[in-house]
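Since the structure comes first, as structure tokens, the remarks are kept for the end.
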Amino acid sequence: MARMSITNTPKTATIDDTSLIGRTLALAFDDDPMMRWFFPEEAARAAGLGRYFSTIFTRQYVQHGVCEYTGAAAAFWVPPGAQDKAVPDAETIGELSGILGDRAPLFRQAAEAAAGEGPQEPHWYLAVIGADPAAQGQGHGAALLRSGLARADAAGLPVYLESSKPANLPFYEHFGFTVLGEVQLPGGGPTLWPMRREPAARPAGA
């Protein structure tokens with residue numbers, strides 16, 4: 001029997017996958033500048049991140065988005081028409097505030113600052129994508145990115161995201177994204193880079 005390897009084939013995530021997705025994204029975002037700003041205490045960061053990602057997955061993105069995962073990565077996409085619904089409601093904000101503690105006001109300011117940069121045109125929004133660093137180089141993040149981009153291309157729509165990790169910018173640029181500018185988060189927070197990707201040209205006759 002062949003040795004088992006962690007598959008990087010995207011699968012649709014359901015509510016049953018919450019704990020796996022929370023764990024995976026907690027590992028993926030441990031070194032992310034924005035998440036370190038929201039969860040500054042190293043000893044409590046992994047647990048806080050796991051609860052944060054599990055909450056936004058169950059309460060927002062699995063309800064109104066397209067969520068996919070592999071054996072070591074996860075991505076949350078929001079299609080056009082669902083973007084108003086995918087924002088956190090009052091109950092979700094209350095739950096996130098409990099997780100973030102005294103960083104909750106900074107989180108709300110950051111969310112408002114990022115939301116103000118989003119495009120007005122119809123688009124697909126890549127809200128979250130991350131891979132377990134232990135599986136780096138095995139194509140997990142790329143597989144999830146390609147899956148969502150294919151959906152956007154089929155609809156002839158652009159894709160928008162924000163990155164707070166400068167090392168990730170070349171990865172996205174490789175897939176056709178361009179940096180739109182820099183957003184300095186309020187309260188002394190890190191920089192966000194909004195990025196946009198035009199839909200790929202469709203073959204003649206397609």
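As a basis for the values below, the full set of heavy atoms in this structure was taken, side chains included, without hydrogen atoms, waters or symmetry mates.
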Partners passing side-chain contact (heavy atoms from CB on, under 4.5 Å) against Q120 (at least two apart in sequence or in another chain): none
Please list, chain by chain and in numerical order, all residues satisfying side-chain contact (heavy atoms from CB on, under 4.5 Å) with A143, sequence neighbours excluded. P10
Please determine whether residues [X] and [Y] belong to a single hydrophobic cluster, defined as Ile, Leu, Val, Met, Phe, Trp and Tyr linked transitively by side-chain heavy-atom distances below 4.5 Å.
| X | Y | value |
| --- | --- | --- |
| L161 | V78 | no |
| V128 | V66 | no |
| M195 | F29 | no |
| L100 | L49 | yes |

Could you walk me through whether L149 and R146 satisfy the side-chain contact (heavy atoms from CB on, under 4.5 Å) test, starting with their C-alpha distance in whole Å, then the side-chain angles of each, then the deciding distance to 0.1 Å, before giving a yes or no? CA-CA 5 Å; L149 293 181; R146 282 193 193 95; 5.7 Å; no
Would you name the heavy atoms of [X] and [Y] that are closest together and state the gap between them?
| X | Y | value |
| --- | --- | --- |
| L192 | S164 | CD2-CB, 3.6 Å |
| Y160 | A114 | OH-O, 4.4 Å |
| G141 | A73 | N-CB, 4.4 Å |
| P80 | L157 | CG-CD1, 3.5 Å |
| H64 | P79 | O-CD, 3.8 Å |
| A200 | D153 | N-OD1, 2.9 Å |

Pair E91 + R59: basic N to acidic O under 4.0 Å: yes
So does K11 pair up with D17, basic N to acidic O under 4.0 Å? no
Among residues at least two apart in sequence or on other chains, which ones pass salt bridge (charged side-chain N to carboxylate O under 4.0 Å, His left out) with R36? D30
Can you check side-chain contact (heavy atoms from CB on, under 4.5 Å) on R103 and F39, steps first, answer last? CA-CA 8 Å; R103 310 299 277 183; F39 297 96; over 6 Å; no
For E41, does the CD atom sit with more than 12 other heavy atoms under 6.0 Å from it, leaving out its own atoms? no
Other residues, nucleotides, ligands: >12 heavy atoms within 6.0 Å of Q63 CD: yes
S97/R108 under side-chain contact (heavy atoms from CB on, under 4.5 Å): CA gap, chis, key distance, verdict: CA-CA 9 Å; S97 295; R108 282 195 290 273; 3.1 Å; yes
Roughly how far apart are [X] [atom1] and [Y] [atom2], rounded to 0.5 Å?
| X | Y | atom1 | atom2 | result |
| --- | --- | --- | --- | --- |
| K165 | D32 | NZ | CG | 6.5 Å |
| W77 | W124 | CH2 | CH2 | 8.0 Å |
| D31 | R45 | CG | CZ | 9.0 Å |

From CA spacing to verdict: side-chain contact (heavy atoms from CB on, under 4.5 Å), I129, Y172: CA-CA 11 Å; I129 186 167; Y172 294 124; 3.2 Å; yes
I'd like to check [X] versus [Y] (side-chain heavy atoms, cut-off strictly below 4.5 Å). Are they in contact?
| X | Y | result |
| --- | --- | --- |
| S54 | I21 | no |
| H140 | D132 | no |
| C67 | F57 | yes |
| T70 | L144 | yes |
| M34 | L185 | yes |
| L96 | I56 | yes |
| R197 | P158 | no |

For Y61, which residues count as a ring-ring contact (aromatic ring centres under 6.0 Å, His included) partner, sequence neighbours excluded? F76
Considering residues at least two apart in sequence or located in another chain, which fulfil the ring-ring contact (aromatic ring centres under 6.0 Å, His included) criterion with F107? F38, Y52
Distance-only criterion, 3.5 Å: show the donor-acceptor pairs between side-chain atoms of residues 173-184 and protein atoms not counting sequence neighbours.
| from | atom 1 | to | atom 2 | distance (Å) |
| --- | --- | --- | --- | --- |
| T178 | OG1 | R196 | O | 3.4 |
| E182 | OE2 | W193 | NE1 | 3.4 |
| Q184 | OE1 | T191 | OG1 | 3.1 |
| Q184 | NE2 | G189 | O | 2.6 |

Any side-chain donor paired with an acceptor under 3.5 Å for S147 and E68? yes
